[in-house]
Enquirer: 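So that we are looking at the same thing, I have put the structure below in structure tokens.
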Amino acid sequence: MKRISIDPITRLEGHGKIDIFLNDEGDVANVYLQIPELRGFEQFCVGRPAEDMPNLTNRICGVCPEAHHMAATKALDALFHVDPPPLAKKLRELFYSIFYATDHTTHFYALAGPDFVVGPTAPPAERNILGIVKKVGLDIAGKVLKMRRDGHHLIEMIGGRKVHPNWGLPGGVSHGIDEEQRKEILQLGRDAVDFAKFSLQLFDDLVLKNTDYLNLITGDVYVHRTYNMGTVDENNHVNFYDGLIRVTGPDGKEHATYPAADYRQYIAERVEPWSYLKFPYLKKVGWKGFVDGVDSGVYKATPLARLNAADGMATPLAQVEYERFFDTLGGKPVDHTLATHWARLIELLYAAERWVELASDPEITGKEYRVLPTETPTEGAGSVEAPRGTLTHHYQTDERGILTKVNLVVGTTNNNAPISMSVKRAAQALIRKGKVVSEGLLNMVEMAFRAYDPCFGCATHSLPGQMPLEVTLRDPQGRVVQRFSQT
Amino acid sequence: MNGEPKGKLALYWAASCGGCEIAVLAINERILDVDALFDIVFWPVAVDAKVHDVEKMADGSIDVCLFNGGIRTSEQEYMARLLRKKSKVLVAFGSCAHEGCIPGLANSTSRRRIFETVYHETPSTENTDHVEPQPSTAVPEGTLHLPVFYDTLRTLDQTVKVDYYLPGCPPEADRIWDAITAIVENNLPPPGSVIGAETTVCQECPRKRNEKKVKKFYRTWEIIPDEETCLLEQGLLCCGIATRAGCGARCPQVGSPCIGCYGPNEGIHDHGARMMAALASTIDSNDPEEIDRIIRDGIPDPVGSFYRFGLAASHLRRKKEAMIET
Amino acid sequence: MSENGFKPRIVAFLCNWCSYTASDLAGTSRVKYSPRVRMIRVMCSGRVDPSFVLKAFALGADGVLIAGCHPGDCHYIEQNYKTMRRHAMLRYFLEQMGIQPERLRLVWASAAEGQYLAESIDQFVADVQKLGPLRWSGVWEDPWRREDAFDEIAAEHAEAMEVQA
Ligand code: SF4
Ligand code: SF4
Ligand code: SF4
Ligand code: FES
């Protein structure tokens with residue numbers, strides 16, 4: 001048996017490593033996605049004052065600190081039994097929509113864009129944002145940079161900082177916005193809507209109108225029939241900030257809809273000795289291993305999953321795109337992993353529309369952005385949709401609000417099992433009888449896990465260069481038989 | 001480096017959240033200037049160069065290495081040693097590498113307790129077989145390895161020699177740019193220095209200050225502070241008094257106390273000790289019992305409040321656990 | 001907890017004004033300072049930064065004593081009240097770090113109370129002796145055989161280097 005070791009040296013709550021084992025026939029026997037790092041927030045936050053959590057858990061991930069900040073803040077609302085005033089909720093959702101639009105932009109253009117726009121078979125040195133610039137024109141780089149800059153600027157304006165905001169409190173937020181700020185936010189929001197429309201058009205022109213790409217998306221290499229998870233509002237429309245968590249099956253049927261506080265009834269996490277990251281699965285279905293189908297508790301929580309789990313989008317333009325998405329791809333649910341990128345752009349449009357809606361609200365500049373909790377804290381859970389999946393924080397405290405128990409089910413963690421499965425699937429399709437198409441394998445495997453946007457590489461991909469993948473073929477003794485890399 | 005060949009730059013992260021790398025990108029268009037000035041020879045998330053490429057380089061052949069993240073596993077320590085050897089100038093970039101940051105609060109517990117909690121006790125974990133991650137695991141197809149997880153998180157300079165420190169969690173874009181400019185213009189302070197401002201966050205803070213006298217500390221959810229007065233004077237535990245300037249007092253401007261992310265101000269090694277000294281001047285009582293009450297009622301977690309970012313770098317470094325695994 | 005023959009290492013920060021006669025006394029009186037006490041004279045107890053105390057523990061002290069003038073008698077007016085507050089905070093913090101707060105002691109003594117100060121020091125030495133050694137640096141030594149782990153990583157990389165694509 002041979003082993004192929006892919007060491008992407010990239011982040012997934014730290015770094016990640018993929019080992020692919022071949023059987024005696026040279027076909028793929030198994031795939032292991034290993035996460036070699038752990039930080040232990042669930043333990044070292046114990047003993048800390050609960051109100052520190054939005055700031056402590058920020059530091060779990062510098063790519064989506066806003067998501068942790070928000071999930072923590074909502075968990076504090078629940079813990080202190082306080083309902084934030086409507087303005088606080090609006091401000092939080094506004095902030096969160098800006099973050100979403102910024103984050104999705106970065107990920108589409110930095111990660112997925114190169115594959116589709118420049119092409120999956122283009123030389124690796126061109127598969128980056130500079131390649132996109134070459135193909136589409138310098139203008140696009142300016143647009144992407146502006147979107148990122150605007151987003152970070154507003155996140156800092158509202159939440160205090162570009163990375164790691166310091167703003168959320170049980171019962172509200174620490175600061176509001178004034179009229180001048182509102183105007184700027186609104187103006188930049190309109191730009192964001194334009195940018196989202198432009199991005200969808202680009203996807204249309206370059207990807208959907210290209211039969212090769214369309215076949216790649218709808219081909220069977222990247223299909224996974226798993227459960228889908230996402231947060232929905234009272235109309236079962238996608239919502240990032242608040243709502244109920246809905247899970248639908250590979251058959252499209254609803255499996256469950258529940259408030260964050262009930263997560264333990266639906267989610268369980270499995271420990272494997274070969275990874276520091278746990279593997280969540282649907283408790284009522286059960287863990288059947290790394291397999292898909294209705295009988296396997298594996299689920300995904302991605303832009304694609306959110307679209308599958310919902311009945312539509314809450315804003316008009318995004319709703320049109322939502323319908324077109326399912327029409328084009330043959331109805332719900334869509335199980336093609338690569339369609340996640342398209343779903344992400346639809347979410348980008350939704351986030352931008354929501355941003356404009358909220359910034360147009362005349363009440364948004366009010367002063368009633370927080371109330372003081374009056375009840376004794378006990379226990380509370382809160383969740384948001386992080387760009388990389390449903391993010392749940394759950395705390396218990398003593399009567400002074402000092403943490404006694406902390407549990408965190410983090411966005412990317414949800415997708416720990418499906419990512420492994422997607423990689424395995426891609427590897428199986430691309431490695432036959434011990435033969436590896438070196439260039440193809442690397443990028444196709446990359447594409448499989450990139451679709452999940454597992455907090456790998458992320459924003460940093462806007463520099464020239466590739467995700468550093470390395471594939472090493474090893475015999476069972478661990479000796480290197482052959483090595484491929486992308487340079 | 002005027003007219004000279006381009007310098008060689010490396011960036012790496014260890015036990016880090018990635019925010020420092022986002023912060024590097026937050027210098028926006030100026031990233032292109034960096035690209036013009038330096039060959040980026042190693043940056044795992046952005047540039048296609050592998051660890052073994054670095055291993056092959058001659059010692060000292062990297063001009064500057066910006067290293068973020070603390071040291072928690074054998075793999076991270078290995079990389080710290082490797083990059084130290086290959087780099088002329090090693091910069092501890094950001095709070096994690098500099099002083100351990102919030103991940104360093106793990107030094108208030110132990111590896112054993114972290115494993116117990118994460119893999120056994122958290123309510124969503126189903127682990128009746130008592131499985132825990134292992135340095136090596138035999139699977140049907142072969143053996144899988146994981147780096148060793150240490151009991152104590154170390155800062156970069158507790159692991160290898162560090163030439164410069166760039167404070168902040170993450171450092172603000174303008175401060176990053178200042179540092180890059182200083183490197184390019186060869187205008188660096190003496191080795192071992194922190195590249196940053198010398199004063200405290202209070203100096204940058206627009207809030208009105210009178211005499212700081214505090215009879216009672218409030219938790220952030222207990223009061224709504226007024227918009228203009230110093231937060232510490234209002235009884236909120238603001239770390240601005242003992243924290244290095246550089247951010248422009250960002251947090252107090254949105255109504256939140258500074259949590260100390262820039263580390264202690266110039267010349268101070270132990271952030272928490274500085275906080276204690278500063279608060280001792282602020283607490284308004286001369287009666288031992290009352291003093292005790294003010295402190296214990298208002299500051300339920302001294303370690304987390306005084307050493308939120310600096311525990312790993314402090315004199316004591318970690319808490320003594322009754323049950324340390326051997 | 002006390003170990004046989006354990007001689008605690010003590011660092012004592014003594015305010016110049018009150019320790020002045022006390023150290024004189026040491027020569028003349030029957031009171032014998034433990035030779036394990038390292039005395040550091042400071043101009044005022046208010047000069048003792050919390051970091052001095054923490055550093056002393058980190059570097060191997062089993063106990064730290066601070067001596068200053070009685071409240072109200074500080075030659076720098078209010079400084080020893082500051083010492084009082086620092087002491088309160090330090091004890092609270094040390095407790096949370098797993099160091100018995102009894103390892104830090106604050107003593108008020110006037111210039112005339114040399115005998116009392118000397119006795120207090122002896123008492124402190126005896127109390128710390130009962131607590132046993134602290135050996136703080138042992139707290140952060142990692143039990144893992146790290147060098148072996150590095151060898152493994154290096155070997156893996158070296159192996160990968162031999163082969164070209
Ligand atoms: S210093 Fe802060 S931003 Fe940088 S890696 Fe550490 S936690 Fe993240
Ligand atoms: S203590 Fe805080 S609020 Fe007060 S001046 Fe300093 S930084 Fe500003
Ligand atoms: S105010 Fe304090 S916590 Fe906030 S950014 Fe500045 S140094 Fe960091
Ligand atoms: S002079 Fe003795 S304590 Fe101040």
Side-chain angles (χ1 to χ4, degrees), chain B residues 50-52 55-56 73-75 77-79 81-82 107-108 111 135-136 145 147-152 154 158 268-270 272-277 279-283 285-288 291-292 294-296 299 301-304 306-307 312 314-322 324-326, chain C residues 46-59 71-72 78-100 106 108 134-154 156-163:
Chain B
K50 311 294 188 306
V51 174
H52 60 84
E55 285 166 336
K56 274 187 276 189
T73 68
S74 52
E75 187 184 44
E77 183 165 1
Y78 178 82
M79 287 307 296
R81 292 182 178 204
L82 178 67
N107 286 1
S108 65
R111 173 189 195 275
S136 92
H145 295 279
V148 174
F149 184 83
Y150 295 162
D151 196 50
T152 299
R154 284 158 198 258
Q158 288 166 354
I268 307 288
H269 170 79
D270 193 295
R274 183 72 214 127
M275 272 304 288
M276 287 187 252
L279 287 179
S281 313
T282 309
I283 293 169
S285 171
N286 289 339
D287 170 49
I291 292 171
D292 250 11
I294 293 174
I295 300 170
R296 289 179 190 241
I299 309 173
D301 171 27
V303 169
F306 303 152
Y307 290 96
S314 71
H315 288 308
L316 295 182
R317 292 197 192 190
R318 65 161 298 123
K319 180 183 171 182
K320 186 178 182 178
E321 276 277 347
I324 285 184
E325 187 186 32
T326 45
Chain C
R47 283 283 296 123
V48 182
D49 191 275
S51 70
F52 298 176
V53 174
L54 300 176
K55 194 167 181 182
F57 283 124
L59 293 179
E78 289 244 289
Q79 294 301 308
N80 58 1
Y81 287 115
K82 231 158 72 176
T83 309
M84 183 194 278
R85 297 180 210 123
R86 287 172 178 181
H87 172 249
M89 258 185 280
L90 274 166
R91 281 175 62 104
Y92 184 25
F93 165 68
L94 290 175
E95 203 181 314
Q96 205 191 356
M97 290 294 282
I99 298 180
Q100 299 95 326
L106 177 60
W108 302 130
L134 183 61
R135 275 200 298 257
W136 193 254
S137 64
V139 166
W140 64 73
E141 289 307 329
D142 234 291
W144 296 97
R145 297 175 60 206
R146 307 192 343 245
E147 300 294 334
D148 291 354
F150 303 147
D151 288 349
E152 267 168 36
I153 297 172
E156 233 174 65
H157 291 155
E159 201 175 57
M161 275 158 54
E162 286 161 18
V163 189

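So you know, we letter chains A, B, ... as the sequences are listed, proteins then strands, and number each from 1. Since we're looking at a predicted model, the values are computed, not measured.
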Enquirer: Do B:H315 and C:K55 have side chains that approach each other closer than 4.5 Å (heavy atoms only, starting at C-beta)?
Expert: yes
Enquirer: Side chains of B:P288 and C:M84: does their closest heavy-atom pair fall under 4.5 Å?
Expert: yes
Enquirer: So which atom in B:A273 and which in C:P50 form the shortest heavy-atom distance, rounded to 0.1 Å?
Expert: O-CG, 3.6 Å
Enquirer: Counting distance only, does the side-chain N/O of C:R85 pair as donor-acceptor with the main-chain N or O of B:I283 below 3.5 Å?
Expert: yes
Enquirer: What part of B:S281 lies closer than 4.5 angstrom to a heavy atom of chain C: side chain, backbone, both or neither?
Expert: both
Enquirer: Of all of B:A277, B:G272, B:P302, which one pairs up most often with chain C through heavy atoms under 4.5 Å apart?
Expert: B:P302
Enquirer: For B:I295, which atoms come within 4.5 Å of any heavy atom of chain C: side chain, backbone, both, or neither?
Expert: both
Enquirer: Please look at B:D301 and chain C and tell me whether the side chain, the backbone, both or neither of the residue comes under 4.5 angstrom of a heavy atom of that chain.
Expert: both
Enquirer: Out of C:L54, C:D49, C:L59, C:V53, return the one with the most heavy atom pairs under 4.5 angstrom to chain B.
Expert: C:L54
Enquirer: Can you see which heavy atom on B:M276 is nearest to which on C:R86, and at what distance?
Expert: O-CG, 4.5 Å
Enquirer: Does the pair B:N286 and C:E78 meet the rule for a side-chain contact (heavy atoms from CB on, under 4.5 Å), with working shown?
Expert: CA-CA 9 Å; B:N286 289 339; C:E78 289 244 289; 3.9 Å; yes
Enquirer: With rounding to the nearest 0.5 Å, note down the distance linking OH in B:Y307 to CE in C:M97.
Expert: 7.0 Å
Enquirer: For B:S285, is it the side chain, the backbone, both, or neither that has a heavy atom closer than 4.5 Å to a heavy atom of chain C?
Expert: backbone
Enquirer: Is chain B contacted by the side chain of C:L90, its backbone, both, or neither, given a heavy-atom distance below 4.5 Å?
Expert: both
Enquirer: Tell me, for B:L82 versus chain C, whether the close heavy atoms (under 4.5 Å) come from the side chain, the backbone, both or neither.
Expert: neither
Enquirer: Considering only heavy atoms from C-beta outward, does the side chain of C:W140 approach that of B:Q158 to under 4.5 Å?
Expert: no
Enquirer: Output, in order, the C-alpha distance, side-chain angles, deciding distance and verdict of side-chain contact (heavy atoms from CB on, under 4.5 Å) for B:K320 and C:I99.
Expert: CA-CA 7 Å; B:K320 186 178 182 178; C:I99 298 180; 5.8 Å; no
Enquirer: Are the side chain of C:W136 and the backbone of B:L316 linked by a donor-acceptor contact shorter than 3.5 Å?
Expert: yes
